[in-house]
Amino acid sequence: MDEGPIDVIRLEGEGNSVILRLTGRERSDAQDASDALTGEFLVDTPFVRGSLKTWVLPDDLRHWQEALDALDAGQDIAWREDTRGPEVFIERDLEEERAHVTIRDASSSLTTVTVTVPLDDAWFDDAYGRLDLAWKVWPLTSD
């Protein structure tokens with residue numbers, strides 16, 4: 001299967017976007033370490049634009065699945081909270097069918113940005129499909 005970039009997270013609309021693009025895989029040389037996916041967060045609005053490199057571990061993808069489930073159930077979520085990498089917080093506004101997405105980098109750039117994007121029920125099918133594709137293209141091991 002082609003190992004091209006995969007936007008595992010893609011929230012966009014009304015001129016704003018937040019994307020987590022996976023771009024490759026790093027295999028660990030250590031026997032007790034997990035492989036990691038390389039990628040970057042991309043934020044684009046009429047006001048602010050930026051990117052931040054990141055690594056995604058197998059547990060991160062499993063936790064993203066759990067976060068998607070909670071978000072789909074109407075809950076706000078925190079993903080990768082209190083980790084060394086960028087953190088993602090999504091607050092749903094169910095009445096307006098939108099979400100306030102916050103990316104916080106507390107470890108390197110010390111920057112936080114919040115972007116508002118549309119978020120309707122149709123987005124979830126696409127989001128689960130993107131996650132499934134990431135697992136198929138880059139099956140990771142955590143043993």
Side-chain angles (χ1 to χ4, degrees), residues 1-93 97-143:
M1 186 172 276
D2 181 25
E3 293 188 11
I6 296 173
D7 294 348
V8 73
I9 298 174
R10 185 175 199 87
L11 294 149
E12 63 184 344
E14 300 175 1
N16 297 331
S17 66
V18 176
I19 297 169
L20 171 55
R21 179 166 292 151
L22 301 178
T23 56
R25 178 180 183 163
E26 288 185 3
R27 295 192 183 270
S28 174
D29 293 333
Q31 284 184 319
D32 60 346
S34 300
D35 290 349
L37 297 178
T38 57
E40 64 182 331
F41 281 97
L42 303 163
V43 175
D44 191 11
T45 76
F47 181 68
V48 67
R49 177 176 294 141
S51 66
L52 182 65
K53 300 286 185 201
T54 192
W55 287 264
V56 177
L57 301 173
D59 276 349
D60 292 329
L61 289 180
R62 281 188 275 280
H63 292 142
W64 178 242
Q65 170 77 53
E66 294 167 6
L68 275 178
D69 293 343
L71 202 58
D72 196 12
Q75 300 172 21
D76 297 340
I77 61 104
W79 180 61
R80 293 174 41 150
E81 187 174 24
D82 298 324
T83 64
R84 292 186 65 202
E87 303 167 319
V88 177
F89 304 91
I90 302 176
E91 297 176 31
R92 291 197 66 183
D93 181 342
E97 289 192 329
R98 62 183 177 184
H100 308 288
V101 183
T102 300
I103 307 293
R104 180 171 62 196
D105 178 30
S107 61
S108 63
S109 70
L110 305 177
T111 302
T112 300
V113 63
T114 300
V115 177
T116 300
V117 295
L119 185 65
D120 59 21
D121 288 337
W123 177 84
F124 290 96
D125 291 335
D126 185 54
Y128 284 114
R130 291 174 186 281
L131 179 59
D132 289 344
L133 182 60
W135 281 118
K136 287 176 187 167
V137 172
W138 292 300
L140 298 174
T141 58
S142 60
D143 358 89

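- Between Thr54 and the choices Glu40, Arg21, Arg80, the side-chain hydrogen bond (donor to acceptor under 3.5 Å, both in side chains) rule is met once, by Arg80.
- Nearest heavy atom pair, residue Leu52 against residue Ser108, reads CD1-OG, 4.1 Å.
- Nearest heavy-atom pair, Arg25 versus Thr38, reported as atom, atom and distance to 0.1 Å: N-OG1, 4.2 Å.
- Here CZ of Arg98 is found 6.0 Å from OG1 of Thr116. Values are rounded to the nearest 0.5 Å.
- Distance check: Glu81 CD to Glu87 CD gives 6.0 Å after rounding to the nearest 0.5 Å.
- Looking at heavy atoms from C-beta onward, Leu20 lies in side-chain contact with Val56 at the 4.5 angstrom threshold.
- In this view, Asp72 and Phe124, Tyr128 satisfy the side chain to side chain contact (heavy atoms under 4.5 Å, CB included) rule, not counting sequence neighbours.
- For the side-chain contact (heavy atoms from CB on, under 4.5 Å) with Val43, the lone residue among Ile103, Thr111, Ile19, Asn16 that qualifies is Ile103.
- Listed by chain and number, the residues in a side chain to side chain contact (heavy atoms under 4.5 Å, CB included) with Glu14 are Pro118 (sequence neighbours excluded).
- Summarising the geometry of Ala36 relative to Leu57, their closest heavy-atom pair is CB-CD2, 3.7 Å, with the distance given to 0.1 Å.
- Atom CG of Leu61 and atom CD of Glu66 lie 11.5 Å apart (nearest 0.5 Å).
- Once rounded to the nearest 0.5 Å, the distance linking CG of Asp44 with CD of Glu12 reads 10.0 Å.
- Counting heavy atoms from C-beta on, the side chains of Leu71 and Trp123 come closer than 4.5 Å.
- A distance of 9.0 Å separates CG of Asp60 from CG of Leu37, quoted to the nearest 0.5 Å.
- Smallest separation of non-hydrogen atoms from Val88 and Ile90: CG1-CG1, 4.0 Å.
- Between Arg10 and Asp126, no side-chain nitrogen of the basic residue sits less than 4.0 Å from a carboxylate oxygen of the acidic one, so the salt-bridge criterion is not met.
- Counting only heavy atoms from C-beta outward, the side chains of Arg62 and Trp135 approach each other to under 4.5 Å.
- Counting only heavy atoms from C-beta outward, the side chains of Arg130 and Ile9 never approach each other to under 4.5 Å.
- Within the structure, ring pair (Phe, Tyr, Trp, His ring centres under 6.0 Å) pairs that include any residue of residues 44-73 comprise Trp64-Trp79 (at least two apart or interchain).
- Taking all atoms of both residues into account, the shortest heavy-atom contact from Gly15 to Pro46 is O-CD, 3.4 Å.
- Looking at heavy atoms from C-beta onward, Asp76 lies in side-chain contact with Arg92 at the 4.5 angstrom threshold.
- Of all heavy-atom pairs between Val8 and Ala134, the closest is CG2-CB, 4.1 Å.
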